Each structure stands twice: as C-alpha cells, then as structure tokens.
Amino acid sequence: MPKNRLTFHTVKELDGELEQALKLFVETFKTEAITAHTYNFNHELTEKQYYKASLLNAKLYIEQGHDIMVAKIDDTIVGVSIMKKTSQKSLIHTLRFVFPEVFELLPLLTKINYRNAVSMSKTMKLTHPLKENYVTLAAIAVTSNYQGKGVGKQFLNEIHQRYKKDFESIYLYTADEKIRTFIHTLVMKWLSINKQVILASII
C-alpha cells in the first residue's frame with residue numbers, strides 16, 4: 001500500500017477533476033469484461049466516443065442525485081466509483097437533460113458488437129433478490145499504477161462505511177471472475193463484523 005494518505009470525496013459537478021477521473025475510468029474499463037465484450041476498441045475513435053458518453057453519463061448521474069466518488073493520493077487521482085440510487089426523475093426529464101448532446105454519441109452505436117451485447121444480456125442474473133432500499137455500485141476503477149496495492153480494497157471499505165447506515169444493501173454487477181472472487185472474500189469479512197452488509201448481486 002502506498003505510504004501517502006488515501007482520501008475519498010464525492011464530486012458534485014462536472015469539472016476538471018471529474019474529467020480527469022473519467023479518463024482514468026475509460027482507460028481502466030476498456031479492458032473490463034462487459035465493456036470490452038460490447039465495444040470494438042480496436043477502432044481508433046471508440047475510446048474518444050466512449051469518453052464523451054462517460055462525460056454525459058456523469059452529468060446525468062450528478063443531476064439525478066447519484067454519487068461519483070474520487071479516490072486520491074495527495075493530488076493524484078487513483079480511482080473513481082459511481083453509486084446509483086433510485087432516481088425520482090422521469091424519462092421525459094432525462095431525455096430533456098441529455099438533448100441535444102446525445103446525438104453527438106450516435107457514432108458510438110456503430111462500435112457496438114450487438115451479437116455479444118445480446119448474448120451477454122441473456123446471461124445476466126441476480127444472485128440475490130433486490131432489497132427495497134438499496135444502492136448499486138455501478139462502476140469502480142483504480143488506475144493500473146495502483147492496482148494490487150490495496151487501493152481497491154480501501155475504496156470498497158469506504159463505500160461500505162458510507163452507505164451501510166442508510167441502505168439495506170449494496171449491489172454490484174460484474175462479469176470479471178477475479179473481481180467476483182475478490183468481492184466475495186471482502187463481503188465475507190464484512191458479514192463477520194456487521195450482519196447488515198450485502199454486496200452480492202453478481203453476474
């Protein structure tokens with residue numbers, strides 16, 4: 001684990017820090033199982049278009065009251081996570097918010113492997129029924145320079161501490177077997193300490 005202090009804070013607006021965090025997110029997620037299986041990153045423009053889509057999603061998440069958390073060591077961003085709560089915003093409100101920026105993302109649709117996307121969607125299932133009061137860990141990414149150094153574990157512990165009081169459970173979707181094993185091990189440790197914890201909705 002790095003000697004310098006690891007800190008976490010929630011980003012409230014789309015600024016330079018969040019833009020930097022989303023670049024880290026894209027760099028990490030383009031090799032993540034679901035993303036890599038869905039998008040053709042061999043095309044030179046896919047990563048740029050995926051980043052634009054991530055920016056728009058981030059703006060929408062913040063506007064809808066979801067949380068984007070950044071992990072930093074000193075002034076260096078080393079990780080980012082997205083926590084989705086149940087949104088009260090209507091579909092019409094969402095469409096108005098993303099219009100007209102969403103049209104700039106139409107080229108990304110041509111970079112999707114639809115056969116892979118459909119086949120993967122058919123395999124997605126919940127390992128536990130959804131509780132009424134829950135949040136979803138929609139994404140978590142740690143920069144490659146700090147992977148394997150305990151940053152991801154501390155990040156998940158921070159998420160657990162922040163959300164366990166207000167929510168019955170925390171759900172995560174992943175198709176990565178290494179992440180699945182890592183999460184399961186960490187959850188077993190949490191369960192031995194606090195019976196309220198569930199982080200268990202996995203593909």
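Just so we're clear, the structure is a prediction, and the values are computed from it rather than from any experiment.
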(request) Take Phe41 and Tyr50, measure what ring pair (Phe, Tyr, Trp, His ring centres under 6.0 Å) needs, and give me the verdict at the end. (result) CA-CA 9 Å; Phe41 281 98; Tyr50 189 73; 5.6 Å; yes

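- Salt-bridge check for Glu101 with Lys59: passed, with a basic side-chain N closer than 4.0 Å to an acidic carboxylate O.
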(request) Go through the steps to decide whether Thr35 and Glu32 satisfy the test side chain to side chain donor-acceptor pair (under 3.5 Å), and finish with yes or no. (result) CA-CA 6 Å; Thr35 308; Glu32 182 267 341; 2.8 Å; yes

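- With values rounded to the nearest 0.5 angstrom, Thr143 atom OG1 is found 10.0 Å from Lys149 atom NZ.
- The CG atom of Asn42 sits 12.0 Å away from atom CD of Glu47, with the distance rounded to the nearest 0.5 Å.
- Looking at heavy atoms from C-beta onward, Tyr39 lies out of side-chain contact with Lys30 at the 4.5 angstrom threshold.
- Hydrophobic clustering (ILVMFWY, side-chain heavy atoms < 4.5 Å, transitive): Ile112 and Ile34 are in distinct clusters.
- Residues satisfying the salt bridge (charged side-chain N to carboxylate O under 4.0 Å, His left out) criterion with Glu17, sequence neighbours excluded, are Lys72.
- Counting only heavy atoms from C-beta outward, the side chains of Leu18 and Glu13 never approach each other to under 4.5 Å.
- A chain of hydrophobic side-chain contacts below 4.5 Å, direct or via other Ile, Leu, Val, Met, Phe, Trp or Tyr residues, connects Leu106 to Leu60.
- Using a 4.5 Å cut-off on side-chain heavy atoms (C-beta onward), Lys111 and Gln49 make contact.
- One hydrophobic cluster, built from ILVMFWY side chains closer than 4.5 Å, cannot hold both Leu45 and Leu56; they sit in different ones.
- The minimum heavy-atom distance linking Ala139 with Phe25 is given by the pair CB-CE1, 3.6 Å.
- Residue Leu55 holds its CG atom at 9.0 Å from NZ of Lys23, rounded to the nearest 0.5 Å.
- Cluster annotation: Val26 and Ile140 are assigned to distinct hydrophobic clusters (Ile/Leu/Val/Met/Phe/Trp/Tyr, side-chain heavy-atom contacts under 4.5 Å, transitive).
- By the side-chain hydrogen bond (donor to acceptor under 3.5 Å, both in side chains) test, Thr10 pairs with Arg162, sequence neighbours left out.
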(request) Take Leu6 and Tyr146 through the test side-chain contact (heavy atoms from CB on, under 4.5 Å) and record every step on the way to the result. (result) CA-CA 11 Å; Leu6 182 63; Tyr146 285 91; over 6 Å; no

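- Side-chain contact between Arg96 and Ile92 is present, with at least one heavy-atom pair separated by less than 4.5 Å.
- Here the side chains of Asn113 and Thr38 are not in contact, with every heavy-atom distance at 4.5 Å or above.
- Within the structure, the ring pair (Phe, Tyr, Trp, His ring centres under 6.0 Å) test picks out the following pairs touching residues 75-103 (sequence neighbours left out): Phe99-Phe103.
- Taking Gln64 as the reference, His66, Thr94 meet the side-chain hydrogen bond (donor to acceptor under 3.5 Å, both in side chains) condition, with sequence neighbours excluded.
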Run the side-chain donor-acceptor check on residues 73-85: report pairs under 3.5 Å with partners two or more places apart or on a different chain.
| unit_1 | atom_1 | unit_2 | atom_2 | d |
| --- | --- | --- | --- | --- |
| Asp74 | OD2 | Asn4 | ND2 | 3.1 |
| Lys85 | NZ | Asp67 | OD2 | 3.3 |

(request) Before giving the answer on side-chain contact (heavy atoms from CB on, under 4.5 Å), spell out for Leu137 and Ile159 the whole-Å C-alpha distance, their side-chain angles and the decisive distance to 0.1 Å. (result) CA-CA 9 Å; Leu137 175 53; Ile159 290 168; 3.9 Å; yes

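- A distance of 7.5 Å separates CG in Asn133 from OG1 in Thr86, rounded to the nearest 0.5 Å.
- Linking Ile, Leu, Val, Met, Phe, Trp and Tyr whenever their side-chain heavy atoms come within less than 4.5 Å leaves Tyr61 and Met69 in two separate clusters.
- Here the side chain of Thr46 pairs a donor or acceptor atom with the backbone of Asn40 at under 3.5 angstrom.
- For Glu104, the salt bridge (charged side-chain N to carboxylate O under 4.0 Å, His left out) criterion is met by no residue, not counting sequence neighbours.
- Separation of atoms CG (Leu108) and OH (Tyr51) is listed at 14.5 Å; rounding is to 0.5 Å.
- Between Ser54 and Leu22, the closest heavy-atom pair is O-CD1, 3.8 Å.
- Distance check: Ile62 CD1 to Asn57 CG gives 11.0 Å after rounding to the nearest 0.5 Å.
- Annotation: side chain of Val70 is not in contact with side chain of Phe8 (no heavy-atom distance under 4.5 Å).
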